[in-house]
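Atoms within a ligand are numbered from 1 in the order they appear, just like the ligands themselves. Hydrogens, waters and symmetry mates are skipped; everything else that's a heavy atom, side chains included, is used.
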Amino acid sequence: MHYPLIIFSIFNLLTFSFSSSSAQSLSSFSITTSPWHPSQNRTILSPNSTFTAGFQRSPTSPNLFIFSVWYSNISHDHTIIWSANWDSPVHQSASLIITSNGDLQLINGSSGPNLWNTTTSMRSNSSRLFLRDDGNLLFGNSWESFQHPTDTFLGNQTFVNGTVLRSRNGKFRFTELRNLVFDGGSGSGSDTYWSWGNGLLSLGLDGQILTDGGNPIFCADYGLNRTRRLTLGDDGNLRVLSYDPGNRVWVPVWVALLEICQVHGLCGPGYICYSDGSTLSGYECVCPPGFRRSRGSDSCEIRNPIVDMGESKFLRLDYVNFSGVSNQTSLRAPNFAECESRCKRDRRCLGFGFKYDGLGYCVLQHGALVNGYWSPNTQMVFYLRVDNSESDPSNFTGMSQVLDTTCPVQISLANPDDESDGTTRNIIIIVGLFAIEIASGVLLFWAFLKRYVKYRDMAQTLGLGLLPTAGPRRFSYAEIKTATQDFSEANVIGKGGFSDVYKGKLQDGRPVAVKCLKNVSGGDTEFWAEVTIIARMHHLNLVRLWGFCNEKGRRILVYERVSNGSLDKYLFRSSGTESDGLEQKPILDWNIRYRIALGVARAIAYLHEECLEWVLHCDIKPENILLGDDFCPKVADFGLSKLRKKEQLVTMSRIRGTRGYLAPEWVKNDTITSKVDVYSFGMVLLEIVTGVRNLFQGPSTVASEDWYLPQWAFEMAVEEKRIDQILDRQIKDSYDDKVHFKLIERMVKTAMWCVQEKAEMRPSMGKVAKMLEGTVEIMEPPKPTIFFI
Ligand SMILES: *[C@@H]1O[C@H](CO)[C@@H](O)[C@H](O)[C@H]1NC(C)=O
Ligand SMILES: *[C@@H]1O[C@H](CO)[C@@H](O)[C@H](O)[C@H]1NC(C)=O
Ligand SMILES: *[C@@H]1O[C@H](CO)[C@@H](O)[C@H](O)[C@H]1NC(C)=O
Ligand SMILES: *[C@@H]1O[C@H](CO)[C@@H](O)[C@H](O)[C@H]1NC(C)=O
Ligand SMILES: *[C@@H]1O[C@H](CO)[C@@H](O)[C@H](O)[C@H]1NC(C)=O
Ligand SMILES: *[C@@H]1O[C@H](CO)[C@@H](O)[C@H](O)[C@H]1NC(C)=O
Ligand SMILES: *[C@@H]1O[C@H](CO)[C@@H](O)[C@H](O)[C@H]1NC(C)=O
Ligand SMILES: *[C@@H]1O[C@H](CO)[C@@H](O)[C@H](O)[C@H]1NC(C)=O
Ligand SMILES: *[C@@H]1O[C@H](CO)[C@@H](O)[C@H](O)[C@H]1NC(C)=O
Ligand SMILES: *[C@@H]1O[C@H](CO)[C@@H](O)[C@H](O)[C@H]1NC(C)=O
Ligand SMILES: *[C@@H]1O[C@H](CO)[C@@H](O)[C@H](O)[C@H]1NC(C)=O
Ligand SMILES: *[C@@H]1O[C@H](CO)[C@@H](O)[C@H](O)[C@H]1NC(C)=O
């Protein structure tokens, strides 16, 4: 179900009904031009023609009309930003009239109730209806559409407590400046599924969302001169959409919920909302194993009703979370077995959720299975109660493989819980197919490994058929051959020890980058699992994985192609060789550099904190930061470090990454944590500011054997307070102390914290993003110490 797509195509259908050349446009509607029927081709234009108001065919009932305001010049989809009678469309003989005592009335046919309430305090028959350049429709002396928004909120509009946005399908509301609410759960009333810390006040013209008492939030296209709107979609997500005039589409530049399935009420009772990650808004409602779509109502029902509660069993659903407002009992269970038996003893218990984080999180589900969703973000396993005779296998698997998608990190066990009994105390993080073993007390790690191998082989012989069907697309080798014109040399865009990359075009016209992996270890199931996980990480600033190919020993990943190449090409321009004019890239200005830094920081924070702590990147460098349209940064190559041949790890060295960006831990044999990425990012940040590659050359005046970029930058920018001395000389001239100082100072100070030699001194990536945003105070950084490999 891709609701936005459906809506857009409905708008496309609408277009032709407005192609009349005999249209009459008014500057305002007054008693002299009253009445106004939908059959007349009339519109009101705002003074500079940005907005139009008038009757439009209703997208839901094309024979009826709604009185609306839309963007005049975004003609291919007539984006409606406001309408008077969305829920009560009228016939073509309806009339909009101004009565002799100054009331505005919208009447269906010749009589009937007024469908448009515009009571104004001072009525007069000279009241006019007119449209302002900011999209506000005004009538008389006090009525304005900005105070009665429908599903959209515009730049010059101010939210006050009491303003409500409502999705067009009427299912969702945005209220009290901060809450997203689902209406009409089965009798349970309203249900808030998202809440903003500080209330929303307005949408700034440059792409900031101003909040009540809090810091502003920046959209992904912050700083660009773009048309933006904040819209509550029919899928219950709140988005800032920005109009891209080049491609003539609205693109989301900020979303309230990154995971669409966390919206309540998208799927009926019993369903699991499942987002395959192919778009930010795509999702499916699937029934859990052992359940089927019930006839007559939008819900899933159990296939084999449980005959004897005592004889039921549980199906394991990895990463699935159900939540009911009133139908859950939350407990702290010392171990899995305890949680399971609590549910088993309870006849009303439909299943339970358990979290393998050592904190004893255990939730019993009663009454109904509602708001189920699948997400790798929830480190939870849901055990669904089914009859003993149920033979459906669980097709929600994959948690064990997550441990494999990491850098070679030692799995650290949490501290033993004193209250727990001896059989389970040490096993906390180990998850996967082994839950049953965990419960019955298998302790030793070698046993874990032996079983792991056994299960892996078992899974392989079972084939891939049992794995969930939704997920990254599987391409055939022939398809990829066609897309890359038989891997022609002309299409090579990168060659390396680990992979070769080709550009190509799919049959549907999408440009792709095709990455052929070399020396990949592991079985097919493992590869599949890893690829699935990569494909499910989605963020505006991560390169999307669309699919893969795994045929005849060839392992190929198919990514979206990012248009503008990698950041290094822009930062480090080989000054001597002007001859290769082909490679000449524009110089990035300060605002774009700042947006790149922020975007990359957010993407990595997402990998570290919002995916799962142990998804590290391990190879952050300008080559792996690609620039899309408008130089929107997209981080590439994440999740790949574990696909590399495991033998390399043993025989060569454990080091992953690239010289110059490696954190000291790699060399010093310390534990590898997410802070290695923070270090690499700090280096990149300094390079973005200085335009100097950290390892290879200092600026000619200071180049010497022991030149170390962070230290040099620290001395100049922090100790001597001469920030202008370290700026990229290519754009030094465009540096304006008043405009850019704060921005650049934040970048430099943040970088200084990131490149601290001691990992524990470095902030987490989430904090780094906040430091760059300016939403937390940045303390004076200590001087980075010299660190040489
Ligand atoms: C309105 O436009 C339609 C074509 O879109 C045309 O057939 C019709 O005659 C026009 N009506 C008026 C009143 O101009
Ligand atoms: C609408 O677009 C046309 C060209 O596409 C342009 O000439 C015109 O100025 C635009 N009008 C507005 C109000 O943006
Ligand atoms: C207006 O009239 C048409 C046809 O007479 C009807 O289909 C439509 O439902 C009416 N709209 C409202 C809001 O009553
Ligand atoms: C508007 O009202 C004034 C009196 O308030 C009256 O004289 C005038 O005729 C009215 N105009 C129309 C068009 O009804
Ligand atoms: C208009 O307002 C009246 C009273 O305030 C209310 O009863 C009626 O339902 C409103 N109509 C619409 C279409 O909102
Ligand atoms: C119309 O006015 C609005 C508000 O001042 C402005 O943002 C927009 O750029 C203007 N459009 C044109 C085409 O001048
Ligand atoms: C924006 O809103 C203010 C206050 O309501 C108004 O004075 C101004 O004219 C509006 N801007 C435009 C472009 O209409
Ligand atoms: C808005 O009003 C409601 C109730 O009137 C109140 O609970 C809420 O805190 C208010 N929100 C803000 C942001 O002031
Ligand atoms: C933004 O773009 C519009 C139309 O593209 C232009 O009229 C306006 O002057 C631009 N504003 C700024 C501040 O650059
Ligand atoms: C939740 O539980 C209450 C009482 O246990 C019950 O009355 C209600 O129907 C349940 N709600 C749903 C949606 O099952
Ligand atoms: C499950 O979902 C509910 C509601 O969305 C949420 O409050 C809870 O934290 C989730 N549990 C886990 C373990 O993610
Ligand atoms: C799992 O199986 C059920 C029933 O067999 C099916 O409805 C559902 O779509 C499957 N889930 C996934 C994620 O493929």
Side-chain angles (χ1 to χ4, degrees), residues 37-38 45-52 55 57-58 60-67 71-74 83-95 105-116 131-136 154-157 180 182 185 191-195 203-206 225-229 236 243 245 257 259-267 272-273 317-328 330-331 339 351-357 359-363 365 369-383 399 431 610-612:
H37 306 295
L45 276 182
S46 73
N48 76 9
S49 304
T50 304
F51 291 95
T52 306
F55 284 102
R57 283 183 192 279
S58 158
T60 45
S61 15
N63 291 324
L64 301 177
F65 293 82
I66 52 177
F67 192 90
Y71 288 100
S72 315
N73 236 20
I74 303 183
S83 69
N85 58 326
W86 183 271
D87 297 326
S88 343
V90 294
H91 191 246
Q92 63 166 355
S93 63
S95 357
Q105 295 187 345
L106 178 60
I107 311 285
N108 197 10
S110 52
S111 63
N114 179 11
L115 299 170
W116 184 354
L131 192 55
R132 242 170 33 186
D133 277 336
D134 56 359
N136 198 359
L154 297 177
N156 205 29
Q157 209 163 342
L180 282 174
F182 167 57
D191 181 1
T192 300
Y193 54 88
W194 186 78
S195 198
L203 185 60
L205 290 176
D206 53 356
N225 179 14
R226 281 286 168 85
T227 300
R228 298 188 190 78
R229 63 191 166 100
Y243 188 69
L257 292 106
E259 290 190 276
I260 189 70
C261 281
Q262 290 191 3
V263 174
H264 285 182
L266 279 181
C267 300
I272 294 170
C273 177
L317 312 179
D318 282 350
Y319 300 129
V320 170
N321 182 8
F322 282 98
S323 63
V325 191
S326 58
N327 295 60
Q328 286 187 327
S330 226
L331 319 163
C339 187
F352 62 97
F354 188 73
K355 221 166 153 175
Y356 290 92
D357 61 358
L359 299 175
Y361 179 93
C362 168
V363 166
Q365 190 82 30
L369 296 165
V370 289
N371 298 326
Y373 71 96
W374 179 95
S375 158
N377 269 350
T378 126
Q379 295 168 47
M380 196 170 90
V381 182
F382 193 84
Y383 290 85
M399 197 179 264
V431 294
E610 294 188 86
C611 286
L612 285 168

Open item on the list: In this structure, does ligand 6 have an atom that sits under 4.0 Å from one of the heavy atoms of D134?
Closed with: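 D134: no contact with ligand 6 (<4.0 Å).
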So is there a nitrogen or oxygen of N48 less than 3.5 Å from a nitrogen or oxygen in ligand 6?
->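 So ligand 6 has an N or O lying under 3.5 Å from an N or O of N48.
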Report the C-alpha separation of T50 and D133 in whole Å, then their side-chain angles, then the decisive distance to 0.1 Å, and conclude whether the side chain to side chain donor-acceptor pair (under 3.5 Å) test is met.
CA-CA 6 Å; T50 304; D133 277 336; 4.7 Å; no
Test your reading of the model: is there a side-chain donor-acceptor pair from N114 to the backbone of L106, 3.5 Å cut-off?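 Between the backbone of L106 and the side chain of N114 there is a qualifying donor-acceptor contact (under 3.5 Å).
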Within a distance under 4.0 Å of any heavy atom of S88, pick out the atoms of ligand 3 and give their elements.
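Going through ligand 3 atom by atom, the ones under 4.0 Å from S88 are 13 (C).
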How would you list, by chain and number, every residue that makes a ring-ring contact (aromatic ring centres under 6.0 Å, His included) with F67, sequence neighbours excluded?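 F67: ring-ring contact (aromatic ring centres under 6.0 Å, His included) contacts with W36, F55, W116.
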Q.
If you apply the rule side-chain contact (heavy atoms from CB on, under 4.5 Å), what do you find for F382 with L369, and how did you get there?
A. CA-CA 11 Å; F382 193 84; L369 296 165; 4.0 Å; yes
Practice task
Could you pull out, from N321, V381, D191, N371, the option with a heavy atom nearest to atom 11 (N) of ligand 11?
Solution key: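 Among N321, V381, D191, N371, the closest heavy atom to atom 11 (N) of ligand 11 comes from N321.
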Legend entry - Closest to atom 3 (C) of ligand 3 among V90, N108, L115 (heavy-atom distance):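 Among V90, N108, L115, the closest heavy atom to atom 3 (C) of ligand 3 belongs to N108.
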| task | Give the atoms of ligand 6, by number and element, whose distance to some non-hydrogen atom of T50 is under 4.0 Å. | result |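 In order of numbering, the contacting atoms are 1 (C), 10 (C), 11 (N).
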request  = For the cysteine pair C267 and C273, state whether the SG atoms are less than 2.5 angstrom apart.
outcome  =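 A disulfide is absent here, as the SG pair of C267 and C273 is separated by 2.5 Å or more.
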For this session: Tell me, please, which residues at least two apart from D87 pass salt bridge (charged side-chain N to carboxylate O under 4.0 Å, His left out).
Result: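 D87 satisfies salt bridge (charged side-chain N to carboxylate O under 4.0 Å, His left out) with no residue once adjacent residues are dropped.
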**OP:** Can you pull out the closest protein heavy atom to atom 4 (C) of ligand 3? Residue, atom name and distance to 0.1 Å, please.
**Re:**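 Its nearest protein heavy-atom neighbour is H91 CD2, 4.0 Å.
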Exercise. With a 4.0 Å cut-off on heavy atoms, is F322 touching ligand 11?
Worked result: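 No, F322 has no heavy atoms under 4.0 Å from ligand 11.
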Does P89 have a heavy atom less than 4.0 Å from any atom of ligand 3?
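True for this residue.
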Do Y361 and F354 have ring centres separated by under 6.0 Å?
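No, too far apart.
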